[in-house]
Amino acid sequence: MTDIISTDAVIVGAGPVGLFAVFELGLNDIKCHLVDILERPGGQCAELYPEKPIYDIPAVPMCTGLELTEKLMEQIKPFNPVFHLGQMAESLTRMPDGKWQLKTDRGIVIEAKIAVIAAGGGSFVPKRPPIKGIDAYEGKSVFYAVRKMEQYRGKNIVIAGGGDSALDWTINLQPIAKHITLIHRRDEFRAAPDSVLKMRTLVAAGKMALKIGNITGLEGVDGQLASLTLQEEGKPACQLPCDNLLAFYGLTMKLGPVAAFGTKLEGELIPVNTATFETNLEGVFAIGDINTYPGKMKLILSGFHEAALMAKRAFALVHPDRRYRFQYTTSSSDLQDKLGVSNAA
Ligand SMILES: Cc1cc2nc3c(=O)[nH]c(=O)nc-3n(C[C@H](O)[C@H](O)[C@H](O)COP(=O)(O)OP(=O)(O)OC[C@H]3O[C@@H](n4cnc5c(N)ncnc54)[C@H](O)[C@@H]3O)c2cc1C
């Protein structure tokens, strides 16, 4: 039987706004668990523009998407949030005792007094390669992420793609696989130069193969691949035997299961009360890019403001027996204790 995790708040989405929500909730004595389909926190900042500069975070003249994520992770450290990464929040249900139960696609069940939907533009899902009939192999011998490396020990693997994921997994799986072939449509790679160099060194040493071309077909039985058809430029198509295809063609954003959480929707967005950022469901909040209200601007700073107001209302729901006190972090020893900075000058 699955153990049920009990906590104060469950946050769907570990983008910048979900991360800052941990801080605001933490100041209000509210403990958080976060769920994100990505393997690392940071949402769009970490996934779509880690090295691009952001110029409109208040009092930070410039930082990259990755730097902002790292600073937020440092800021929320005192509150010990628990991350459940690499998994999709699939359902949200109200329990008879009024708590919210969230289930993930990897079987984790979290019960919380409040739920915060900070799902941004939706969940990141892998782009499917344009190969006819690929769906028959998905989850059996064709994968878009590596969950367990051991699964690939002794296997004949084809990796497709030219970005960081394709190159990282080529290098990491090469020592345990029987054989690895990397296929990319051109002989230029978006991945980090260091990874490209490592891959080329392995190719030169005869430890793996690199093919420049496109996969045009898959052959196998009952979802198990036997070979794939490779079309290299200027050459006749050929069959390449393989046990597994790992395709890394990038990610796209889809609203996904959040659409069925039971909140009202306006298109793909969740309308909220702008005094509390609560949705039409009591105890379910929506902050950041996922919400809508008159005048909404999809900016990180808007999401930070929304997190602060959300946390005030969350306090009333999580601690109904306590009176809310407005305090400054500069002068409140109570808040400074929570931040672990009581002895600071
Ligand atoms: C190229 C680019 C440049 C930008 N530049 C700026 C800028 O300069 N300044 C600025 O203010 N804003 C900028 N933005 C916008 C900014 O990135 C967004 O406003 C911000 O990321 C929103 O944060 P969020 O936490 O609400 O959502 P997101 O960053 O989208 O994070 C949401 C997270 O929720 C996860 N998720 C969603 N559904 C589920 C589910 N069901 N289960 C599990 N996980 C789920 C997603 O995987 C994602 O990690 C830029 C955006 C882009 C694309």
Side-chain angles (χ1 to χ4, degrees), residues 10-25 32-69 71-73 76 81-93 100 102-110 115-127 144-145 250-263 265 268-270 272 277 284-293 296-308 310:
V10 60
I11 302 176
V12 177
V17 178
L19 295 179
F20 193 64
V22 172
F23 183 81
E24 289 297 328
L25 290 167
C32 302
H33 281 240
L34 298 97
V35 178
D36 203 302
I37 187 76
L38 295 177
E39 298 287 349
R40 55 187 171 172
Q44 293 177 48
C45 302
E47 198 59 39
L48 299 182
Y49 57 104
E51 288 175 4
K52 275 205 173 123
I54 311 174
Y55 299 99
D56 56 353
I57 304 298
V60 181
M62 196 285 277
C63 68
T64 64
L66 200 59
E67 284 164 353
L68 179 71
T69 304
K71 289 280 177 205
L72 285 165
M73 289 296 284
I76 65 178
V82 183
F83 287 88
H84 305 274
L85 297 173
Q87 45 199 310
M88 180 82 90
E90 275 203 325
S91 67
L92 184 69
T93 320
W100 289 98
L102 186 131
K103 288 187 181 165
T104 77
D105 64 346
R106 287 174 82 179
I108 296 212
V109 182
I110 303 169
V116 181
I117 305 174
S123 49
F124 283 93
V125 288
K127 282 187 191 154
Y144 304 125
L251 298 169
T252 180
M253 292 187 90
K254 283 202 178 127
L255 181 57
V258 169
F261 280 6
T263 64
L265 288 174
E268 300 232 304
L269 301 171
I270 303 175
V272 285
F277 292 91
V284 179
F285 299 83
I287 55 174
D289 278 12
I290 191 76
N291 73 15
T292 182
Y293 53 86
K296 166 76 182 184
M297 288 173 86
K298 286 191 185 184
L299 285 175
I300 296 164
L301 66 85
S302 316
F304 288 173
H305 158 81
E306 294 162 14
M310 172 279 293

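We count ligands from 1, going down the list as the structure has it; atoms in each ligand are counted the same way. Only heavy atoms go into these numbers, but all of them, side chains included; no hydrogens, no water, no symmetry mates.
- Evaluated by nearest non-hydrogen atom to atom 23 (O) of ligand 1, the leading choice among Gly13, Pro16, Ala260, Gly122 is Pro16.
- Nearest to atom 9 (N) of ligand 1 among the protein's heavy atoms is Asp56 OD1, 2.9 Å.
- Of the protein's non-hydrogen atoms, Ser123 CB, 3.5 Å is the one closest to atom 39 (C) of ligand 1.
- For the pair Leu92 and Val12, the minimum side-chain heavy-atom distance is 4.5 Å or more.
- Taking every heavy atom of Gly288 and a limit of under 4.0 angstrom, the matching atoms of ligand 1 come to 26 (O).
- The distance from ligand 1 to the heavy atoms of Lys298 drops below 4.0 Å at these ligand atoms: 19 (O).
- Taking distance alone, with nitrogen or oxygen atoms compared against 3.5 Å, Ala89 approaches ligand 1 more closely than that limit.
- Residues Glu306 and Lys296 form a side-chain contact, since some pair of their non-hydrogen atoms from C-beta on lies under 4.5 Å apart.
- In this structure, Ser123 contributes its side chain and Lys254 its backbone to a donor-acceptor pair below 3.5 Å.
- The shortest N or O to N or O distance between Cys45 and ligand 1 is not below 3.5 Å.
- Here the side chain of Lys298 pairs no donor or acceptor atom with the backbone of Gly303 at under 3.5 angstrom.
- Residue Ile37 places at least one N or O, backbone or side chain, under 3.5 Å from an N or O of ligand 1.
- Summary of contacts: the protein heavy atom closest to atom 33 (C) of ligand 1 is Asp36 OD2, 3.4 Å.
- With a 4.5 Å cut-off on side-chain heavy atoms, Val284 and Trp100 count as touching.
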Val17 vs Asp289, side chain to side chain contact (heavy atoms under 4.5 Å, CB included): CA-CA, chis, key distance, verdict: CA-CA 9 Å; Val17 178; Asp289 278 12; over 6 Å; no
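- Annotation: the span from Ile270 atom CD1 to Ile287 atom CD1 amounts to 11.0 Å, rounded to 0.5 Å.
- By the 4.0 Å heavy-atom criterion, Gly303 is excluded from the residues contacting ligand 1.
- Between Gln87 and ligand 1 there is a heavy-atom distance shorter than 4.0 Å.
- Atoms of ligand 1 lying under 4.0 Å from at least one heavy atom of Leu38, given by number and element, are 47 (O), 49 (O).
- Ranking the protein heavy atoms by distance from atom 8 (O) of ligand 1 puts Ile54 CG2, 3.4 Å first.
- Here Ala119 has heavy atoms under 4.0 Å from ligand 1 in both its backbone and its side chain.
- Ring geometry, His84 versus His33: the interplanar angle falls under 30°, so the pair is classed parallel (tilted spans 30 to 60°).
- Residue-ligand proximity: Gly256 is placed with every non-hydrogen atom at 4.0 Å or more from ligand 1.
- The shortest distance between side-chain heavy atoms of Val272 and Phe285 does not fall below 4.5 Å.
- Scanning the protein for heavy atoms near atom 50 (C) of ligand 1, the closest one is Tyr49 OH, 3.4 Å.
- The nearest protein atom to atom 29 (O) of ligand 1, hydrogens excluded, is given as Gln44 N, 2.9 Å; this is a heavy-atom distance.
- Distance from atom 26 (O) of ligand 1 to its nearest protein heavy atom, with residue and atom name: Asp289 N, 3.0 Å.
- In this structure, the separation between CD on Gln44 and CE on Met253 is 4.5 Å, given to the nearest 0.5 Å.
- For atom 24 (P) of ligand 1, the closest non-hydrogen atom on the protein side is Val17 CG2, 3.8 Å.
- The number of heavy atoms from other shown groups lying within 6.0 Å of NZ (Lys71) does not exceed 12.
- Interface atoms of ligand 1 facing Gly121, defined by a heavy-atom separation under 4.0 Å, are 30 (O).
- Per-residue contacts place Met253 under 4.0 angstrom from the following atoms of ligand 1 (heavy atoms of the residue considered): 30 (O).
- We find the OH-CG distance between Tyr49 and Leu68 to be 7.5 Å, quoted to the nearest 0.5 Å.
- With hydrogens and angles disregarded, no donor-acceptor distance shorter than 3.5 Å links the side chain of Glu90 to the backbone of Lys103.
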